[in-house]
Amino acid sequence: MSRIHEPLPGDDAPPRRTMTIMDAIYGRHAVQVFTGDDVTEHTVHALLYAAAQAPATASLPAPAFLVVQGRERLRALSGHIGRLYNAVESELTNLTSDSGFTLFHNAGTLIVVCIRQQTPLAVPEAWMAAENIMLAAAGMGLGSCLIGEAVAGLNDPRGRTLIGLPDSMVPVAIIALGKPTPGIDPTKRRPPDILNWLL
Ligand SMILES: Cc1cc2nc3c(=O)[nH]c(=O)nc-3n(C[C@H](O)[C@H](O)[C@H](O)COP(=O)(O)O)c2cc1C
């Protein structure tokens, strides 16, 4: 039996395994312009199951996930974070203006990867789960963007209340998700910096 969550009939996600893992690795890039299409709960569920396949140390509590859906809710959250930063930076200034810019790039879905204890290995585990989410999203034809700028805002008391984050949890990786707007050039990659190769 497959341990991977199967999309339900009628789900908007394309069938899985339409890409190889190398296609997903090479095809994933940060998406900062999303279409207005929603990502279904079922698709998010499949991504969370993909996250749960990431390497994990058995002795630690595994990363946990919080999902926020709805553009209006995310717009309000973005506005809260903009006010928190007191709009000192030019880009963040736009968060509290009417420019339409939001920290989450107007995505309709946010996944927050959280840890229970700030131990040295809990953080890399959370990031590996986050990478699985982003690669699985790429494999399903979705776009994603890490939102590092939102971590402090979601971790402050008001932010925590807005997203219903339990006291014991610490947000680590925040991923905006949506359907990518076509025609955006992928990021140019650098070749790997190979320091030495002992044969
Ligand atoms: C730790 C981390 C935090 C990031 N935070 C943000 C962010 O707050 N807002 C944003 O638009 N992009 C953010 N990004 C996405 C980067 O802008 C993006 O990864 C970078 O432009 C490279 O693009 P690529 O992911 O396609 O290689 C973040 C990326 C990383 C790795």
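Both counts, for ligands and for their atoms, begin at 1 and track the order of listing.
For atom 20 (C) of ligand 1, the nearest protein heavy atom (residue, atom name, distance) is Ala30 CB, 4.6 Å. In this structure, atom 17 (O) of ligand 1 lies nearest to the protein heavy atom Gln32 NE2, 3.8 Å. The protein atom (non-hydrogen) at minimum distance from atom 27 (O) of ligand 1 is Arg189 NH1, 2.3 Å. For atom 1 (C) of ligand 1, the nearest non-hydrogen atom of the protein is Trp127 CH2, 4.0 Å. When only non-hydrogen protein atoms are considered, atom 5 (N) of ligand 1 lies nearest to Gly148 N, 2.8 Å.
Residue His29 approaches ligand 1 through these ligand atoms, each under 4.0 Å from one of its heavy atoms: 26 (O). Atoms of ligand 1 lying under 4.0 Å from at least one heavy atom of Cys145, given by number and element, are 10 (C), 11 (O), 12 (N). Every atom of ligand 1 is numbered from 1 in the order shown, and the set under 4.0 Å from a heavy atom of Arg28 is 24 (P), 25 (O), 27 (O).
Atom 31 (C) of ligand 1 is flagged as protein-proximal [any protein heavy atom, distance under 4.0 Å].
Partner of Phe104 under the side chain to side chain contact (heavy atoms under 4.5 Å, CB included) criterion, chosen from Leu177, Ile175, Leu110, Thr109: Leu110.
The minimum heavy-atom distance between Val31 and Gly143, with the atom names listed, is CG2-CA, 3.6 Å. The shortest non-hydrogen separation linking Ala62 to Glu125 is CA-OE1, 4.3 Å.
Considering only heavy atoms from C-beta on, Leu48 comes within 4.5 Å of Val67 through its side chain. Using a 4.5 Å heavy-atom threshold, the side chains of Phe65 and Val112 count as separate.
Atoms OH and OG1, on Tyr26 and Thr20 in that order, are 10.5 Å from each other to the nearest 0.5 Å.
At under 3.5 Å, a nitrogen or oxygen of His105, whether backbone or side chain, sits near a nitrogen or oxygen of ligand 1.
With a 4.0 Å cut-off on non-hydrogen atoms, Ala150 does not touch ligand 1 at all.
Through direct or indirect side-chain contacts shorter than 4.5 Å among Ile, Leu, Val, Met, Phe, Trp and Tyr, Val33 is connected to Ile184. Under the 4.5 angstrom side-chain criterion for Ile, Leu, Val, Met, Phe, Trp and Tyr, the cluster partners of Leu199 are Ile194, Trp197.
The residue among Val151, Thr187, Leu146, Leu103 with a heavy atom at the shortest distance from atom 28 (C) of ligand 1 is Leu146.
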